[in-house]
Amino acid sequence: MTRREAHEPVSRILGSRGFWTVDVLVRPNVLDPRPDTETLIETALSFVENTPNAPLKILELGSGSGAIACALLSELPKAEAIVVDLSPHACQASKTNLARCGLSNRAFVLQARWYEAIEAQFDLIISNPPYIASSKLNTLAASVRLYDPLLALDGGEDGLDCYRAIIQDLPRVLKSRGLVIFELGYGQSAEVKHMLKAMNLEVEKIARDLAGHERALAARAPQREQLAI
């Protein structure tokens with residue numbers, strides 16, 4: 001049986017995939033970046049189109065291959081990023097792809113669970129978290145089910161566990177008026193909006209992918225009062 005007959009994606013057979021304007025290596029045990037995720041990049045850039053040279057501090061949570069960080073840093077020459085993933089395979093893939101794109105000097109890769117080792121605050125937090133409900137995993141296409149790691153897919157009973165984990169600590173790590181941008185699974189926008197509003201974040205944009213599905217959600221932190229000196 002050939003690799004394609006076994007439903008292995010072409011990107012995994014070739015070992016690389018074009019994503020936004022960069023080319024990233026695709027490795028075993030690491031999520032293969034999808035074109036839908038480019039909606040996150042488009043959404044993020046829409047908020048900084050008038051200030052592309054701003055010295056933004058970016059945090060990517062759940063980096064996988066590092067494709068998101070590579071795409072953003074390639075477009076934002078003064079930005080710096082911390083790139084976090086729990087998987088050692090993903091961390092190594094992110095390091096490799098950042099180096100491949102010539103971006104290692106503006107990014108630091110950290111193996112951790114979400115914010116557990118993060119003390120700084122960021123202008124932009126961006127994430128494509130696992131969002132497939134556990135009961136739906138067996139219904140995924142074979143090209144996903146057999147080749148993408150479970151850690152990057154399983155979002156818990158209702159698919160929303162990772163959003164809950166990320167959102168509950170956003171006030172600590174997101175700067176005043178900072179942005180958070182999430183990738184969404186099908187039909188999840190209302191629940192994620194509710195979680196964000198409960199933490200006093202204002203949803204500013206929901207962008208659709210090429211298939212018309214709500215794919216990226218951007219929300220902004222409130223203005224924090226400055227203490228008088």
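The basis for the numbers below is simple: all heavy atoms, side chains too, and nothing from hydrogens, waters or symmetry mates. Computed from a prediction, not measured in an experiment: that's the story for all the values here.
For the residue pair Cys162 and Pro130, the shortest heavy atom distance occurs at SG-CD, 3.6 Å. Pairing each heavy atom of Ala44 with each of Leu72, the nearest pair is CB-CD2, 3.8 Å. The minimum heavy-atom distance linking Tyr163 with Leu184 is given by the pair OH-CA, 3.5 Å. Between Leu110 and Cys91, the shortest heavy-atom contact is O-SG, 3.8 Å. Minimum heavy-atom separation, Lys95 to Ser104: O-OG, 4.3 Å. The two residues Asp32 and Pro9 come nearest to each other via the heavy atoms OD2-CB, 4.1 Å.
Separating the CD1 atom in Ile68 from the CD1 atom in Ile126 is a distance of 5.5 Å, to the nearest 0.5 Å. Between Asp161 atom CG and Ser134 atom OG the span is 7.5 Å, to the nearest 0.5 Å. In this structure, Glu202 CD and Asn200 CG are separated by 9.5 Å, a value rounded to the nearest 0.5 Å.
Using a 4.5 Å heavy-atom cutoff, the side chains of Glu60 and Asp85 are not in contact. With a 4.5 Å cut-off on side-chain heavy atoms, Asp148 and Arg34 count as touching. Side-chain atoms of Ser16 and Leu25, non-hydrogen and from C-beta on, do get closer than 4.5 Å to each other. Counting heavy atoms from C-beta on, the side chains of Met199 and Leu170 never come closer than 4.5 Å. Between Leu103 and Cys70 there is a side-chain heavy-atom pair separated by less than 4.5 Å. You'll find the side chain of Pro33 reaches within 4.5 Å of the side chain of Val24, heavy atoms only.
Within 6.0 Å of CG in Leu14 there are more than 12 heavy atoms belonging to other residues, nucleotides or ligands. Other residues, nucleotides and ligands contribute only 12 or fewer heavy atoms inside 6.0 Å of the CD atom of Glu42. Within a 6.0 Å sphere centred on CD of Glu157, heavy atoms belonging to other residues, nucleotides or ligands number 12 at most. Residue Lys175 places its NZ atom among more than 12 non-hydrogen atoms of other residues, nucleotides or ligands, all under 6.0 Å distant. Remark: Arg113 CZ is loosely packed, at most 12 non-hydrogen atoms of other residues, nucleotides or ligands lying under 6.0 Å away.
Test Ile82, Leu179, Leu76, Val83 against Ile58 for side-chain contact (heavy atoms from CB on, under 4.5 Å) and you get one pass: Leu76.
In this structure Phe19 satisfies the ring-ring contact (aromatic ring centres under 6.0 Å, His included) test with no other residue, sequence neighbours excluded.
Side-chain N/O atoms of Ser46 and Lys205 include a donor and acceptor closer than 3.5 Å.
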